[in-house]
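Taking it in order: structure first as structure tokens, then the write-up.
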Amino acid sequence: MSSFAPASGKSDLAEAGSLLTKYPLEVKKIPYKPDAKVDDVLCFRHYNESEVVMGKPMSDWLRFSVCYWHTFRGTGADPFGFPTLVRPWDDGTDSIENAERRMRVAFDFMSKLGVKYWTFHDRDIAPEGVTLSETNANLDRLAELASQLQGETGIKLLWNTCNLFAHPRYSNGAATNADAHVVAYAAAQVKKSLEIGKKLGAENFVFWGGREGYHTLLNTNVREELDNLANFFKMVVAYKKKIGFTGQFLIEPKPKEPSKHQYDYDAMTVIAFLKTYDLDKDFKLNIEPNHTTLAGHCHEHDVVMASAYNMLGSVDSNTGSPDLGWDTDQFPMDVKNATMIMQTVLEQGGLAPGGLNFDCKVRRESTDVIDMMIAHVGAMDCFAKALKIAAKIREDGVLGKMKKERYASFGSGLGLKIKTGTATLEECDSFIQENGEPAKLSGKQEMFEAVLNRYF
């Protein structure tokens, strides 16, 4: 992510006919072909949006979204190499004309892919100006085009967010910056983005605090920074109510990168923060599995933990390489990992108003434009297959029964009293005096794993 400065020039906003791009991706709308050959990758073998799974159409369970930043702003650059991804519609400038052209391409792409939602950072869609007023004017102009394109295509905004990490002003954080001037600037930026979110009908609004953390404790007052972060969020909640924005607020955990330590480390850290500052009624979590594995957990851990406390709001559906120590944002192509995610989604009855946002980027070596489409189609099919497997697991009930049997002792007697919080230490002591040493019970991990594998 980087900051973008505008260039002057005449706009082609008022094109005749359709608002969609003059640079269409040379592919038709992706069809559903359940009998497709294995190398026919520009079709869905599993994703059939109208197919009913456990009482709902697939499209209700799989609220897919394309992210703007990786898909349409990604360049393939990394710390060791220059950009590799050259797009024919992008002239490389920060002009309004280029931003508008890029947006038309994006909606053409999403329409052909067949997704119903998109997501963006404020600085993804509009260049940053010299002043906040100029920046806001740029954002208004692109938001107006987005509104028109949403109307023409029927694609909705799953969520928008602010880039509070790329500009040099945020090098020491945004809401947790040691300079109140910077905190005020971040607040003004969020104010504008909430207004844009309301205009575009955003169903959620996300906060990811990549710079909200520290690199050394020597210069950091962690309590003051966390207090300020909570007060920042309380300002945001107040303005949401003032303007009548109805979207769900979401916080996205990540343990590190770019900060050495990020305050929103993982799901349980965020939940504890929200409950500590009495914000848990206003926020839920947007979980990115690649961030979860960076925190040292398994792929589905944060999804399961957030859902367990009714705090799972949405999922940034990607994956990483666990053998690497950084955020690689790869497309989710592992059916077993996706199945573990979808089991939780089914258990909680869906993700709405959240969804499955592909916060993913093609590899810098995948330089063909069509690779963008192939990647999204593959990821969508992966989750569709995973949904069907997860539904079969739930309908069979074998794994669920096995898990329930592990906790059977909490269904009656002293176990039930412990479960309901009515037992005392004295009762536990008396129970042990009478019943002695507990029997050794196997956890049966290998059996659970073997049963799960039967579904693949």
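Keep in mind it's a predicted model, so treat the numbers as computed, not measured. Quick note: residue numbers are just sequence positions, from 1. Hydrogens, waters and symmetry mates are skipped; everything else that's a heavy atom, side chains included, is used.
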**Report entry** His167 and Tyr170 aromatic ring geometry - parallel, tilted or perpendicular at 30°/60° bounds
**Finding:** perpendicular

Report task. Considering only NZ, NE, NH1 and NH2 on the basic side and carboxylate oxygens on the acidic side, decide whether Lys444 and Glu405 come within less than 4.0 Å. Result -> no

**Report entry** Trp208 vs Asp264, side-chain hydrogen bond (donor to acceptor under 3.5 Å, both in side chains): CA-CA, chis, key distance, verdict
**Finding:** CA-CA 8 Å; Trp208 175 67; Asp264 300 332; over 6 Å; no

Query raised in the report: More than 12 heavy atoms of other residues, nucleotides or ligands under 6.0 Å from NZ of Lys385: is that the case?
Result: no

Requested in this report: Fit a plane to each ring of Phe358 and Phe331, take the angle between them on a 0 to 90° scale, and name the class: parallel (under 30°), tilted (30 to 60°) or perpendicular (over 60°).
Outcome: tilted

Query raised in the report: Is the shortest heavy-atom distance from the side chain of Met372 to the side chain of Arg87 under 4.5 Å?
Result: yes

Requested in this report: Could you please spell out the steps behind the side-chain hydrogen bond (donor to acceptor under 3.5 Å, both in side chains) verdict for Asp122 and Asn163?
Outcome: CA-CA 6 Å; Asp122 49 1; Asn163 182 332; 5.7 Å; no

Report task. Check the pair Asn138, Arg141 against side-chain hydrogen bond (donor to acceptor under 3.5 Å, both in side chains), reporting the backbone distance first and the verdict last. Result -> CA-CA 5 Å; Asn138 292 340; Arg141 184 162 167 176; over 6 Å; no

Report task. Can you establish whether the number of heavy atoms outside Tyr309 located under 6.0 Å from its atom OH is more than 12? Result -> no

Requested in this report: Go through the steps for Leu62 and Met380 under the test side-chain contact (heavy atoms from CB on, under 4.5 Å), then give the verdict.
Outcome: CA-CA 8 Å; Leu62 304 170; Met380 291 168 70; over 6 Å; no

Query raised in the report: Considering residues, nucleotides and ligands other than Lys336, do more than 12 of their heavy atoms fall under 6.0 Å from its NZ?
Result: yes

Query raised in the report: Side chains of Phe283 and Phe233: does their closest heavy-atom pair fall under 4.5 Å?
Result: yes

Query raised in the report: If we only count heavy atoms from C-beta on, is the Ile125 to Phe72 side-chain gap below 4.5 Å?
Result: no

Query raised in the report: Is there a salt bridge (Lys or Arg N to Asp or Glu O under 4.0 Å) between Asp108 and Arg104 once you walk through the steps?
Result: CA-CA 6 Å; Asp108 178 68; Arg104 292 191 180 91; over 6 Å; no

Report task. With side-chain hydrogen bond (donor to acceptor under 3.5 Å, both in side chains) as the test, would you mind laying out the steps for His291 and Asp302 before giving the verdict? Result -> CA-CA 9 Å; His291 294 175; Asp302 270 6; over 6 Å; no

Query raised in the report: Phe205 ring centre to Lys240 NZ or CZ under 6.0 Å, with the angle to the axis within 45°?
Result: no

Query - Between Asn318 and Asn290: side-chain donor-acceptor atoms closer than 3.5 Å - result: no

Query raised in the report: How are the rings of His261 and Tyr263 set relative to one another: parallel (under 30°), tilted (30 to 60°) or perpendicular (over 60°)?
Result: perpendicular

Query raised in the report: Are Phe165 and His121 close enough that their ring centers fall under 6.0 Å?
Result: yes

Query - Leu274 vs Leu285 side-chain heavy atoms within contact, under 4.5 Å - result: yes

**Report entry** Stepwise salt bridge (Lys or Arg N to Asp or Glu O under 4.0 Å) check, Lys29 with Glu49
**Finding:** CA-CA 14 Å; Lys29 185 176 175 64; Glu49 65 176 7; over 6 Å; no

Requested in this report: Mind telling me whether Phe44 and Tyr47 have parallel, tilted or perpendicular rings, with 30° and 60° as the class edges?
Outcome: perpendicular

Query - Validation row: Phe107, Leu145 side chains within 4.5 angstrom (heavy atoms) - result: no

Report task. Using a strict cut-off of less than 4.0 Å between a Lys/Arg side-chain nitrogen and an Asp/Glu carboxylate oxygen, indicate whether Glu195 and Lys199 qualify as a salt bridge. Result -> no

Requested in this report: Would you check, one step at a time, whether the test salt bridge (Lys or Arg N to Asp or Glu O under 4.0 Å) holds for Lys192 with Asp140?
Outcome: CA-CA 9 Å; Lys192 182 61 179 179; Asp140 282 333; 2.7 Å; yes

